[in-house]
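Take a look at the structure set out below.
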Amino acid sequence: MKLKQKAVVVVSITMILLVTLFLSFLRPVLLKESNDLDRDTAIGEVKRIENNIQSTLHNLGKINRDWSIWDDTYDFMVDQNPLYIERNLEPETFANLNINYIIYIDSEKKPKLQVGYDLDNKKIVPLQNDFYEEFLPAIKSRKY
């Protein structure tokens, strides 16, 4: 073999060995950093989602308190006057509050009224009679 060929072979083998050694040491470090970055990103997203949920719950709580101390709502819970529904539960109410349903529950945690609204199609929609039961565990755990 000529000297030039030997030099090419030696340089090639040396390069292959160096790349192999480099990757064998560097790969675990890169994978760990990549996993750490993925974990940190996922934790950040979970915190963002949790903050969004907490903010939504806080806003719904404010709406609930506002409506629950309103005299008209109190009177409706006593007399079930259909004029209350007509005047207060229009499609614009749901759209302005950005909510899909309202459920009125008495002190015995029984539903007095449940009204649904389709925000996308902007229309009142009927709810099944047992719709409120989906929320009973949360309702029963709350102290009013």
Side-chain angles (χ1 to χ4, degrees), residues 5-144:
Q5 291 174 336
K6 286 182 184 181
V8 169
V9 169
V10 169
V11 169
S12 297
I13 290 173
T14 304
M15 289 299 290
I16 289 171
L17 287 173
L18 283 174
V19 168
T20 303
L21 284 172
F22 187 66
L23 287 178
S24 66
F25 289 112
L26 189 60
R27 184 170 184 221
V29 172
L30 290 176
L31 284 176
K32 182 182 180 319
E33 288 180 14
S34 176
N35 286 339
D36 290 347
L37 182 61
D38 287 346
R39 186 186 70 247
D40 292 346
T41 300
I43 289 170
E45 286 297 310
V46 167
K47 286 181 181 178
R48 186 184 61 76
I49 291 168
E50 183 180 9
N51 288 339
N52 192 346
I53 291 170
Q54 290 301 324
S55 175
T56 300
L57 287 174
H58 178 73
N59 289 337
L60 287 173
K62 287 178 9 182
I63 292 167
N64 186 40
R65 279 188 299 282
D66 181 42
W67 281 56
S68 67
I69 61 173
W70 191 23
D71 288 344
D72 287 350
T73 302
Y74 179 84
D75 292 342
F76 172 75
M77 292 300 287
V78 171
D79 64 16
Q80 302 289 296
N81 186 346
L83 284 176
Y84 173 86
I85 299 168
E86 190 177 307
R87 292 180 182 157
N88 297 293
L89 300 178
E90 300 173 328
E92 292 80 18
T93 301
F94 291 90
N96 290 339
L97 296 174
N98 196 32
I99 57 176
N100 291 95
Y101 52 86
I102 292 178
I103 303 173
Y104 289 81
I105 298 171
D106 65 15
S107 59
E108 296 169 2
K109 299 189 171 134
K110 301 286 183 202
K112 291 292 185 180
L113 174 71
Q114 51 184 15
V115 180
Y117 180 74
D118 183 343
L119 287 167
D120 294 329
N121 296 316
K122 300 180 183 344
K123 65 178 185 172
I124 300 290
V125 294
L127 298 176
Q128 297 176 353
N129 290 337
D130 61 349
F131 179 80
Y132 79 99
E133 289 179 10
E134 192 70 33
F135 304 95
L136 280 179
I139 293 167
K140 288 181 178 178
S141 70
R142 300 275 312 217
K143 298 191 186 333
Y144 297 97

Measure the shortest side-chain to side-chain distance between H58 and K62 over non-hydrogen atoms and say whether it is less than 4.5 angstrom. yes
CG on L31 to CG on D38, rounded to 0.5 Å: 10.5 Å
Sequence neighbours excluded, every pair satisfying side chain to side chain donor-acceptor pair (under 3.5 Å) that has a member inside residues 8-24: none
Going by the angle between their ring planes, with limits at 30° and 60°, are F76 and Y84 parallel, tilted or perpendicular? parallel
Over 12 non-hydrogen atoms of neighbours within 6.0 angstrom of CZ in R39: yes
Side chain to side chain, V115 and Y101, heavy atoms closer than 4.5 Å: no
L97 side chain near W67 side chain, heavy-atom distance below 4.5 Å: yes
Hey, mind stepping through I102 and Q114 against side-chain contact (heavy atoms from CB on, under 4.5 Å) and telling me if it holds? CA-CA 6 Å; I102 292 178; Q114 51 184 15; over 6 Å; no
For the residue pair Y74 and V78, establish whether any side-chain heavy-atom pair is separated by less than 4.5 Å. yes
First locate atom CG of D40, then atom CD of E33, and finally report the distance between them rounded to the nearest 0.5 Å. 11.5 Å
Using a distance-only test with no angle check, is there a side-chain donor-acceptor pair under 3.5 angstrom linking T93 and Y117? no
Less than 4.5 Å apart, any side-chain heavy atom of L60 and any of I99? yes
Any idea which heavy atoms bring L89 and F94 closest together, and the distance? O-CE1, 3.8 Å
Any side-chain heavy-atom pair of N100 and D118 under 4.5 Å: no
Should the heavy atoms of other residues, nucleotides or ligands under 6.0 Å from CG of N51 be counted, would the total exceed 12? yes
Heavy-atom count check: over 12 atoms from other residues, nucleotides or ligands less than 6.0 Å from F131 CZ? yes
Identify, with sequence neighbours excluded, every residue that meets salt bridge (charged side-chain N to carboxylate O under 4.0 Å, His left out) alongside R48. E45
Closest non-hydrogen contact found for K112 with Q80 is O-OE1, 3.4 Å
Which value, rounded to the nearest 0.5 Å, describes the distance between L127 atom CG and I103 atom CD1? 7.0 Å
dist D75:CG -> L83:CG (nearest 0.5 Å) comes out at 12.0 Å
Looking at K123, is its backbone amide N or carbonyl O close enough to the side chain of N121 to form a donor-acceptor pair, meaning the two atoms are under 3.5 Å apart? no
Salt-bridge test for K32 and D36: reply yes if a basic N is under 4.0 Å from a carboxylate O, no otherwise. yes
